[in-house]
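Heads up: the structure comes next, in structure tokens.
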Amino acid sequence: MIPMRTIAEQLDVLENAGVLALAHNNKADVRTAVAALRAEGSEGLVALHQRWFAASELAPLLTLNGKKGFVVGDMTDVDEFTPAGINLPDAPLYLVRGVRRGDDLHNVSPQEALVQFEASHRRPLTLQEGLSWALSTPAIIEANSCFMTIGSRKVKRIQRSGEVVYDSRTPALWISSGTGRDGRERRGAPKLGWCWWRNRHTWLGIASAYA
């Protein structure tokens, strides 16, 4: 497993890659959050909040083996996948603790994993949190050990009863094989795609953190 970089190292990578410059809303909020995190004495993943950072803009900044990341062609609605049932700090950058890639959850469906998380006082990573990790530590995306970010879902509709019906896709980060619509030139590039909520994959974990 790839070790987590220090907070300062993560911030340096995000700044140098131009990630923080993509922030929407008040840029002063970003500077304040960065300063607060640099003064933080603990450890954790520096996460980007989806209200300030769009997944569609973050994915192209991913790099792996000299190749840039991309969003799959049939996920043009990627920015509609937002945190589901997760309360996040109201800040453009924040810390997430106890992060795991979920290698032990290979061949477990997102639906099944969510039940396990709830029973063990953990919660799934959001898409932006997963992107944050891959941006600051590109090596976390490894062949046959990539991961889903099932904490972000797209609301399909809200029924009269108030029950939320979600899209059956869930975001995931892995490495393109260069086939199909990806294009041969993208072989080996980091890829933001999706998987079905009830499907299992032997090569995809399900990332999580402390609840």
Side-chain angles (χ1 to χ4, degrees), residues 1-5 10 13-14 17-19 22 45 47-48 50 53-82 84 99-114 116-117 124-154 166-209:
M1 183 64 174
I2 309 301
M4 182 71 67
R5 284 177 162 170
Q10 293 177 64
V13 171
L14 294 175
V19 175
L22 294 176
L45 170 67
L48 303 167
Q50 62 90 26
F53 298 92
S56 61
E57 296 176 347
L58 294 176
L61 294 183
L62 294 172
T63 58
L64 189 66
N65 302 318
K67 296 192 175 183
K68 294 184 177 181
F70 67 99
V71 182
V72 294
D74 57 355
M75 203 175 182
T76 56
D77 56 351
V78 64
D79 291 328
E80 296 178 40
F81 286 77
T82 57
V99 175
R100 296 177 186 167
R101 189 169 58 183
D103 295 358
D104 58 321
L105 295 174
H106 287 187
N107 212 30
V108 175
S109 73
Q111 184 180 44
E112 293 166 334
L114 190 60
Q116 293 187 32
F117 292 153
L125 284 197
T126 68
L127 173 54
Q128 268 77 1
E129 290 167 351
L131 285 167
S132 304
W133 197 7
L135 284 163
S136 63
T137 311
I140 200 64
I141 300 180
E142 292 185 285
N144 300 315
S145 290
C146 301
F147 59 93
M148 292 182 255
T149 55
I150 69 172
S152 292
R153 304 197 67 185
K154 177 182 176 179
Y166 290 105
D167 190 283
S168 55
R169 296 168 295 165
T170 186
L173 295 170
W174 73 92
I175 301 172
S176 173
S177 61
T179 58
R181 285 185 289 182
D182 287 1
R184 292 170 57 187
E185 70 280 2
R186 284 175 165 163
R187 180 178 176 83
K191 169 179 177 176
L192 168 49
W194 57 270
C195 301
W196 297 117
W197 183 253
R198 292 184 173 87
N199 280 14
R200 299 169 178 170
H201 296 275
T202 58
W203 47 277
L204 279 174
I206 301 175
S208 67

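Only this structure's heavy atoms are used, side chains among them; waters, hydrogens and symmetry mates stay out.
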Do the side chain of Gln128 and the main chain of Ala47 share a donor and acceptor less than 3.5 angstrom apart?
no
Under-4.0 Å salt bridge between Glu112 and Arg198:
no
Are the side chains of Tyr166 and Trp197 in contact, using a 4.5 Å heavy-atom criterion?
no
Validate the cation-pi geometry between Arg153 and Phe81: distance from NZ or CZ to the six-membered ring centre under 6.0 Å, angle to the ring axis within 45°.
no
Taking atom types as modelled and ignoring hydrogens, do the side chains of Ser132 and Glu129 form a donor-acceptor contact shorter than 3.5 angstrom?
no
Any donor and acceptor pair, going by atom type alone, linking the side chain of Lys191 with main-chain N or O of Phe70 inside 3.5 Å?
no
Got Leu192 and Val72 here, is their nearest side-chain heavy-atom distance under 4.5 Å?
no
Please name all residues satisfying side-chain contact (heavy atoms from CB on, under 4.5 Å) with Trp196, sequence neighbours left out, ordered by chain then number.
Ser168, Arg169, Trp194, Asn199
Leu173 side chain reached by Cys146 side chain, heavy atoms, under 4.5 Å:
no
Taking the side chain from Arg101 and the backbone from Ile140, do they hold a donor-acceptor pair closer than 3.5 Å?
yes
Can you tell me how the ring of Trp133 sits relative to the ring of Phe147, calling it parallel under 30°, perpendicular over 60° and tilted otherwise?
tilted
Mark yes when over 12 heavy atoms from residues, nucleotides or ligands other than Asn144 sit less than 6.0 Å from its CG; otherwise mark no.
no
Report the residues that fulfil salt bridge (Lys or Arg N to Asp or Glu O under 4.0 Å) with Glu80, sequence neighbours left out, ordered by chain and then residue number.
Lys154
Will you find, in the side chains of Thr202 and Asn107, an N or O donor that is under 3.5 Å from an N or O acceptor?
no
What I'd like to find out is whether the side chain of Ser152 reaches to under 4.5 Å of the side chain of Gln50, using heavy atoms alone.
no
Any side-chain heavy atom of Thr126 within less than 4.5 Å of one from Thr149?
no
Taking the side chain as every heavy atom from C-beta outward, state whether Val13 and Leu135 have any pair of such atoms under 4.5 Å apart.
no
Report the residues that fulfil side-chain contact (heavy atoms from CB on, under 4.5 Å) with Ala209, sequence neighbours left out, ordered by chain and then residue number.
Val96, Val99, Leu125
